[in-house]
Amino acid sequence: MTASRIIIWRHGRTDWNIVNRFQGQADIALDALGHAQAKQAAPALAAYQPVALYSSDLSRAWQTAEALAELTGLEVRLDRRLREIHVGSWEGLLGEEIDAANPELARRLHAGEDVRRSPTGESPSEVAERMVSALREMAERIPDHSTVVVVTHGLAGRVGACRFVGLPQEQWRVLGGLANCAWVTVERHRSAGYWRIAEYNVALAHDELESNDSRLPPNDFVSPVGPR
């Protein structure tokens with residue numbers, strides 16, 4: 001058995017996302033707008049008729065998954081391999097604090113090199129390996145021609161999708177970071193059997209939600225929505 005579609009869905013917004021504070025594997029919950037984003041996106045994902053729903057065990061991810069579970073009746077299955085990159089001693093620091101504390105490491109990070117997030121954290125390639133291990137297992141557990149939704153995090157979702165479809169690592173940074181509550185659709189080619197990214201950074205327009213929260217930056221990541 002092998003799924004025909006995997007939807008990799010990033011969690012909704014948290015308070016730490018607003019200020020660019022490194023979360024890593026800190027268990028930070030969704031803020032009010034993050035919950036609203038998840039509820040708004042859930043019907044669009046339910047339209048794909050998923051037969052399985054997996055999530056990182058961090059609360060911001062499974063809280064996002066619960067919005068879809070309420071609509072579909074699916075059980076949210078937790079998997080630690082779907083966690084965000086471990087940032088070690090950077091956890092809780094602001095982006096500018098990291099730039100000031102270790103300028104050379106920060107320069108390499110911004111250049112897209114495969115560097116550890118702090119001396120005690122993970123590298124993107126390590127995250128990609130555990131993500132691919134999880135995605136392969138999840139795809140093989142469900143019936144042919146079906147869809148599975150996997151709720152994860154920004155970096156983990158991006159590098160996991162790239163490694164899963166076989167993109168060379170030097171090309172990973174060409175794809176921008178996943179926005180809060182945006183998703184990637186990965187599909188298996190019907191005849192050749194290989195996987196490809198069919199949609200990337202798909203999100204609903206959050207105009208009405210944004211009007212009720214002045215802290216949210218302008219949304220410039222909207223893509224068309226709908227099952228393919």
Side-chain angles (χ1 to χ4, degrees), residues 3-14 16-18 20 22-23 30-31 33-48 50 53-56 58 60-61 63-65 67-68 82-85 95 109-110 112 124 127-128 131-132 134-135 138-139 147-189 195-210 213 215-228:
S4 61
R5 182 187 294 116
I6 304 172
I7 298 175
I8 301 170
W9 187 21
R10 187 190 177 193
H11 63 78
R13 199 186 72 172
T14 72
W16 283 25
N17 288 148
I18 301 170
N20 191 31
F22 273 62
Q23 294 180 118
L30 296 178
D31 65 12
L33 189 122
H35 281 286
Q37 289 173 329
K39 289 181 180 179
Q40 186 186 48
L45 293 171
Y48 289 93
L53 175 57
Y54 292 89
S55 174
S56 157
L58 297 177
R60 58 190 183 273
Q63 288 172 344
T64 300
L68 182 57
L82 302 176
R83 285 186 173 197
E84 182 58 296
I85 188 169
L109 185 154
H110 296 314
V127 179
M131 281 290 297
V132 167
L135 293 173
M138 293 164 187
T147 296
V148 58
V149 174
V150 176
V151 188
T152 183
H153 305 263
L155 183 141
R158 177 172 61 88
V159 303
C162 288
R163 175 63 62 84
F164 188 76
V165 301
L167 279 179
Q169 189 167 340
E170 60 270 18
Q171 296 180 12
W172 293 358
R173 68 189 303 252
V174 174
L175 296 176
L178 284 176
N180 285 123
C181 245
W183 61 88
V184 183
T185 304
V186 180
E187 295 180 348
R188 188 164 60 92
H189 192 280
W195 292 89
R196 59 187 178 180
I197 294 176
E199 299 173 308
Y200 187 81
N201 230 0
V202 181
L204 299 181
H206 299 305
D207 294 343
E208 184 176 346
L209 299 179
E210 291 173 26
D213 194 327
R215 298 175 299 173
L216 186 66
N219 186 335
D220 62 356
F221 55 84
V222 178
S223 298
V225 174
R228 293 172 63 94

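Worth knowing before you read on, the calculation uses all heavy atoms, side chains too, and leaves out hydrogens, waters and symmetry mates. Everything numeric here is computed off the predicted structure, so don't read it as measured data.
Glu84 and Ala156 make their closest contact through OE1-N, 3.0 Å (heavy atoms, listed as atom of the first residue, atom of the second, distance). Taking all atoms of both residues into account, the shortest heavy-atom contact from Asn201 to Val184 is N-CG2, 4.5 Å. The two residues Trp9 and Ala182 have their closest heavy-atom pair at CD1-O, 3.5 Å. Shown here for Ala44 and Trp183, the closest heavy-atom pair between the two residues is CB-CH2, 4.1 Å. Closest approach of Leu30 and Arg60 over heavy atoms only: CD2-O, 3.5 Å. Of all heavy-atom pairs spanning Asn17 and Gly12, the tightest one is OD1-O, 3.9 Å.
Remark: Phe164 engages Ile6, Val132, Leu135, Arg136, Val186, Trp195 in a side chain to side chain contact (heavy atoms under 4.5 Å, CB included) (not counting sequence neighbours). Checked against side chain to side chain donor-acceptor pair (under 3.5 Å), Arg188 has no partners two or more places apart in sequence or in another chain. The side chain to side chain contact (heavy atoms under 4.5 Å, CB included) search around Ala38 returns Thr64, Ala67, Cys181, not counting sequence neighbours. Not counting sequence neighbours, the partners of Thr147 by the side chain to side chain donor-acceptor pair (under 3.5 Å) test are Arg5. Partners of Ser55 by side chain to side chain donor-acceptor pair (under 3.5 Å), not counting sequence neighbours: none found.
The distance from the OH atom of Tyr54 to the CD1 atom of Ile8 is 14.0 Å, given to the nearest 0.5 Å. Leu45 contributes atom CG, which lies 6.0 Å from atom CG of Leu68 (distance to the nearest 0.5 angstrom). The structure places CZ of Arg83 at 8.0 Å from NE2 of His153, a figure rounded to the nearest 0.5 Å. Note: Met131 CE to Thr152 OG1 = 4.0 Å, rounded to the nearest 0.5 Å. Atom CG of residue Asn180 and atom CG of residue Asp31 lie 8.5 Å apart, to the nearest 0.5 angstrom. In this structure, the separation between OG1 on Thr185 and CZ on Arg196 is 12.0 Å, given to the nearest 0.5 Å.
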Kindly list each side-chain donor-acceptor pair under 3.5 angstrom involving residues 166-176, sequence neighbours excluded, with atom names and distances?
from   : atom 1 : to     : atom 2 : distance (Å)
Gln169 : NE2    : Asp114 : OD1    : 3.3
Gln169 : NE2    : Asp114 : OD2    : 3.4
Trp172 : NE1    : Leu167 : O      : 2.9
Trp172 : NE1    : Pro168 : O      : 3.4
Arg173 : NE     : Ala111 : O      : 3.4
Arg173 : NH2    : His110 : O      : 3.0

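In this structure, Val151 and Leu82 have side chains that are not in contact, with every pair of non-hydrogen atoms separated by 4.5 Å or more.
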Could you walk me through whether His35 and Gln63 satisfy the side-chain contact (heavy atoms from CB on, under 4.5 Å) test, starting with their C-alpha distance in whole Å, then the side-chain angles of each, then the deciding distance to 0.1 Å, before giving a yes or no?
CA-CA 8 Å; His35 281 286; Gln63 288 172 344; 3.9 Å; yes
